[in-house]
Amino acid sequence: MRSKKNKSGDESRDKRNSSRGRGESSSSGKNSSRGRSSSSRGDSSSKRGGDASSRKGGPKSAKALVLEVFSNSPDTVFTVRQLFRRLGIIDQKGREQVESIVSALKNENKLLQVDGDKYMMNLKMDIITGRVDLANSKYAYIVSEGREEDVRVFRENLNYAMDGDVVKVEVSPTVRGGRQEGVVIEVLERSRTELVGIMELSKNFGFVVPDFKKLYFDVFVGERGLNGANSGDKVLVKITEWPDKPDKNPTGEVIRVFGPVGENEAEIHSIMAEFGLPFEFPETVEEEAESISDKITAGEIAKRRDFRDVTTFTIDPADAKDFDDALSIQKLENGNWEIGVHIADVTHYVHPKTILEKEAFHRATSVYLVDRTIPMLPERLSNGLCSLRPNEEKLTFSVVFELDEKGKLYDTWYGRTVIYSDRRFSYEEAQERIETGEGDFAEEVNTLNNIAKKLQAKRFKNGAISFETTEVKFNLSEDGKPLSVYVKERKDAHKLIEEFMLLANKKVAEFVYNLGKGKKRPTMVYRTHGNPDPDRLATFALFARKFGYKVDPDGDISDELNHLTAEIEGKPEQSVLQNLAIRTMAKAKYSTEPEGHFGLAFAHYSHFTSPIRRYPDMMAHRLLQHYLDGGSTTDKEEYEERCRHSSEMEKRAADAERASIKYKQVEFMKDTIGNQYKGIVSGVTEWGIFVEIEENKCEGMVRLSDLNDDYYELDADNYRIIGRQTKRIISFGDEVMVEVKSANLNDRTIDLELVKTLKQH
C-alpha cells in the first residue's frame with residue numbers, strides 16, 4: 001500500500017505516475033515522460049486566444065528580449081544605445097521599436113529612468129491581481145487585466161490556487177525564459193470548492209484523487225468525512241480546510257457518493273458534478289412551477305392573434321419532449337404564403353423576480369448529455385405548460401412572414417398568439433414527406449422546404465459560411481452502455497426548420513435595432529460572432545495549401561471558406577480541415593452590442609426561438625414585448641452582465657456535453673481493443689499524434705514513446721512530427737491505419753498503436 005500523508009503530517013505521500021496533469025505517461029514504455037495522454041491536446045493556450053508560441057517555448061517577443069537584458073544584469077544601468085548593441089539592432093525601425101518598448105516598460109514601473117536615456121531594472125516587487133490559468137503540472141500563468149504579459153508561477157508557489165481562481169501575486173522583477181515570475185500570496189476567490197474524484201481508502205482515512213486534470217494535489221478525508229464511500233468509488237468532495245504549508249494536502253469531506261468507477265450513473269453524475277451541473281431543482285422551484293394554472297382564459301385569447309384554425313405543426317427529434325417551436329402555413333389571396341414561426345411563450349408563465357426566473361437565469365441553458373437532459377426549466381413547464389404538444393391549445397410568441405415561393409419577404413408581424421398544433425412530426429417523418437411527396441401535410445411540408453431552400457441559397461450568396469459540424473450520437477442499452485456510435489446526418493427536414501428559425505431570429509434583432517439610432521438605440525440581447533483572426537487565417541491558408549487547397553486570406557473570406565467546403569466534401573480530410581478552419585474564427589457569444597454575426601452573414605442577429613432551453617431567448621422575448629408596448633430602452637449594463645453569464649454557462653454546458661460524449665466513446669472503444677481501423681491524423685503534440693477513426697469519429701492518441709522505429713520530435717509550425725534518424729514525417733491530415741491498444745475510462749483517453757501510414761500530405 002502506498003504511504004500517505006494526512007494533514008497532521010505523519011507520512012509522506014508518494015508521487016503517482018499518473019496522466020492527470022503530471023506530464024507523465026499512464027502506459028509503460030520508453031520515454032514515458034513524453035507520452036502523457038492529454039485530452040486537451042496539449043493546447044494550454046486555448047482559453048487565451050492564440051498565445052501558444054510564447055507559452056510553448058517559441059519565439060520571445062521584442063518586449064521580453066529587452067526586459068531580459070535588464071533582468072540578466074539587474075544592478076546595471078543601460079543607455080538606449082547600449083541596448084541597441086546588446087540586441088544587435090542596426091536599422092532605424094528596430095531602434096524606434098526598442099525606444100517605444102523602453103518607454104512602455106518605464107510606464108509599467110518595470111524600469112527606472114536614472115538620468116536622460118539611462119535606465120535600470122526596478123527591483124521593487126510588484127503586486128498584481130489576476131486569474132489562474134493552469135498550464136501543466138509544473139506551473140500556471142496569472143492572467144491580469146491590463147497587463148500585456150502573463151506572469152508564470154511554479155506549482156510550489158501557487159499556494160494551492162486552482163485553475164480559474166482569482167489570486168494576489170507578488171511579481172519578481174527578474175525575468176527568466178522571457179517571462180516574469182511570481183508567488184501567490186493570497187487566494188481572493190475560489191472558482192470551486194467541490195471536486196470530483198476517486199476515493200483511495202486506507203484503514204481509517206482516505207485520499208480523493210481528482211478527475212480534473214488541471215489539479216496537482218489530492219484531498220485528504222478523515223474517517224468522519226468519508227460518508228460511506230468505498231475504495232474505488234467516484235465521489236464529490238468539499239474542501240473544508242486549506243493547508244498553511246506546501247507539503248500537506250487540503251482536507252475535505254465527501255458530500256455525495258456516485259458509486260463504483262465505470263458504472264454509467266456514477267460516471268455521468270461525476271461529469272455533472274465536475275462541471276457544476278445541478279442534479280435536481282430546489283423544492284421551492286418545483287412548487288412554484290406546480291402552482292401555475294394550465295387554464296387558458298377567454299380573456300387571454302382575446303389579447304392575442306388567433307392561429308388555432310391555421311394549419312400548424314412541429315418538427316423535432318423523435319425522442320424530443322419539449323417542443324418550443326411550431327410552423328403555420330396558409331396561402332393568401334394574393335398568392336403569397338403566410339408562414340408563422342410560433343415560439344413557446346415561456347415569459348407568460350415565468351415572471352421577473354420569481355423563484356422560477358432566478359433558477360432559469362442561474363442555469364441559463366439546458367444541458368444535453370449523452371443519456372439525459374438537464375433542463376433549464378422544471379418538467380411542468382418544459383414538457384408541459386410551454387411545450388407545443390399536438391392537439392392542444394398553446395400560448396406562443398410569434399414572428400409571421402409573408403413570403404412568395406422564391407423566398408422574397410414582403411411583410412413581417414411580431415406579437416403574442418395562440419395556436420393549435422395539428423401534428424407532431426419527427427425529422428424522419430417530415431423527411432419522408434419531402435422525399436416521397438406523400439402522407440398527411442405533404443404539400444405544406446414541401447412548400448416550406450422549397451421556400452427554405454431559397455432562403456438558404458440567399459444566405460450563402462450573402463456570405464454565410466456553409467460548414468456542417470459533425471454530431472456524434474450513440475445507441476445505448478437500457479443500462480447506458482454504448483452499443484454503437486454514428487454521425488447524425490442532417491437532411492432537408494433539419495435545414496427546413498433551421499432556415500425559418502434563422503429568419504425569425506434575424507428579423508427580431510433587426511426590428512429592435514431599427515427602433516432607434518446611436519445612443520438612443522434600445523437595449524437588445526444579440527447573438528454575435530466576430531470575424532476570423534487574420535493571423536490564424538493566414539496560418540490556416542498555408543496549411544490548407546499542403547493538402548492542395550487554395551484559401552486566399554486576403555480575399556472574401558466567406559467565399560474562400562465556402563469554396564473550400566465544397567472541395568473537401570466527402571474527403572477524408574474534411575473533418576480535420578473544417579475543425580481547423582473553425583478554430584480560426586471567434587467564438588459566438590451573447591452581447592448587447594449589435595456587432596453582427598460573421599458565420600451567418602447577418603448584420604444583426606438574436607436568439608428568440610428556444611426560450612424553453614435558453615435564457616437569452618427569454619430576455620429577447622421580454623425586450624421585444626416591452627418595445628412593442630411602446631416602452632423606452634432598458635438598463636444596458638444589467639443585460640450585458642446577464643449576457644456574460646449566459647455565454648459562460650453556454651461554454652460550460654458545451655464542455656460537459658463533450659466530456660459525456662468522450663466518455664461514451666472511450667467506453668465503446670474499450671470493447672474493440674486489438675481491432676484495427678482506418679483514421680486520419682487530427683492533431684499533433686509533443687506527446688503524440690491524435691488520430692480520428694474514420695468509422696466512428698472516436699479520437700485516440702499514438703504516443704511518441706510507442707513509436708519504436710525512431711525518436712520523433714514535434715515540428716509545431718508545420719503540424720507534424722519528424723524522426724531524428726530516418727527523417728520520417730507524420731503530418732496532420734495523413735491517412736493511417738491504427739490498432740486500439742487501450743481505453744482508459746477514468747482519463748477518458750484512447751491509446752492507439754500506429755500500424756502503417758496509408759496516404760501522406
Side-chain angles (χ1 to χ4, degrees), residues 17 19 21-46 50-61 64 135-139 141 152 176-179 213 535-536 539-540 542-547 573 576-577 579-580 583 679-692 699-739 741-742 747 749-761:
N17 179 24
S19 63
R22 300 286 198 272
E24 296 173 341
S25 170
S26 60
S27 66
S28 59
K30 67 174 185 177
N31 272 341
S32 63
S33 65
R34 297 172 60 238
R36 178 187 169 203
S37 172
S38 169
S39 61
S40 64
R41 298 184 161 195
D43 185 9
S44 62
S45 65
S46 60
D51 188 25
S53 63
S54 61
R55 293 205 172 199
K56 295 179 183 176
K60 296 173 187 174
S61 68
N136 55 39
S137 62
K138 296 177 182 177
Y139 54 81
Y141 294 104
R152 181 165 50 202
R176 189 163 54 157
R179 191 179 292 278
K213 291 176 175 59
D535 292 338
R536 288 186 174 190
T539 302
F540 172 71
L542 286 172
F543 186 73
R545 193 177 299 164
K546 295 179 183 182
F547 286 81
E573 61 265 26
V576 289
L577 277 175
N579 287 337
L580 202 61
R583 286 184 218 169
I680 190 163
V681 176
S682 54
V684 289
T685 75
E686 59 195 287
W687 302 293
I689 59 171
F690 285 92
V691 175
E692 182 183 273
E699 187 180 62
M701 176 187 267
V702 176
R703 300 171 190 273
L704 297 193
S705 57
D706 289 341
L707 294 174
N708 298 318
D709 64 320
D710 202 345
Y711 184 92
Y712 286 83
E713 294 174 327
L714 175 67
D715 176 9
D717 292 339
N718 292 296
Y719 300 87
R720 63 187 184 177
I721 57 170
I722 304 174
R724 187 181 286 178
Q725 302 297 326
T726 62
K727 303 302 178 187
R728 180 189 180 192
I729 294 173
I730 302 172
S731 299
F732 186 101
D734 285 354
E735 290 177 51
V736 294
M737 184 68 73
V738 292
E739 184 174 308
K741 185 179 174 186
S742 66
D747 287 340
T749 56
I750 300 164
D751 282 346
L752 304 172
E753 191 172 313
L754 184 64
V755 177
K756 60 182 175 180
T757 302
L758 302 174
K759 182 181 178 183
Q760 290 191 293
H761 292 280

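These figures come from a predicted structure and were not determined experimentally.
Asp715 CG to Arg720 CZ: the interatomic distance, rounded to the nearest 0.5 Å, is 4.5 Å. With rounding to the nearest 0.5 angstrom, the CZ atom of Phe543 is 5.0 Å from the CZ atom of Phe732. Note: Phe690 CZ to Met701 CE = 3.5 Å, rounded to the nearest 0.5 Å.
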Query raised in the report: Passes side chain to side chain contact (heavy atoms under 4.5 Å, CB included), Tyr712 versus Ile689? Steps please.
Result: CA-CA 11 Å; Tyr712 286 83; Ile689 59 171; over 6 Å; no
Query - Chi angles and distances behind the side chain to side chain contact (heavy atoms under 4.5 Å, CB included) call for Ile722, Glu713 - result: CA-CA 5 Å; Ile722 304 174; Glu713 294 174 327; 5.8 Å; no
Query raised in the report: Going through the checks in order, is the side chain to side chain contact (heavy atoms under 4.5 Å, CB included) test met by Leu577 and Phe540?
Result: CA-CA 9 Å; Leu577 277 175; Phe540 172 71; 4.1 Å; yes
Report task. Dump the intermediate steps for side chain to side chain contact (heavy atoms under 4.5 Å, CB included) on Ile750 and Glu699, then the final yes or no. Result -> CA-CA 7 Å; Ile750 300 164; Glu699 187 180 62; over 6 Å; no
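In terms of heavy-atom proximity, Asn708 sits nearest to Ser705 at OD1-O, 4.0 Å. Lys741 and Asp706 make their closest contact through NZ-OD2, 2.6 Å (heavy atoms, listed as atom of the first residue, atom of the second, distance). Of all the heavy atoms in Val755 and Val738, the pair that sits closest is CG2-C, 3.8 Å. Of all the heavy atoms in Ile721 and Leu704, the pair that sits closest is CD1-CD2, 3.6 Å.
Looking at Thr539 and Tyr719, their side chains come closer than 4.5 Å, going by heavy atoms from C-beta outward. Between Arg728 and Asp710 there is no side-chain heavy-atom pair separated by less than 4.5 Å.
Side-chain contact check for Thr757 and Asp734: no donor-acceptor pair (N or O, by modelled atom type) lies under 3.5 Å.
Between the side chain of Arg152 and the backbone N or O of Tyr139 there is no donor-acceptor pair closer than 3.5 Å.
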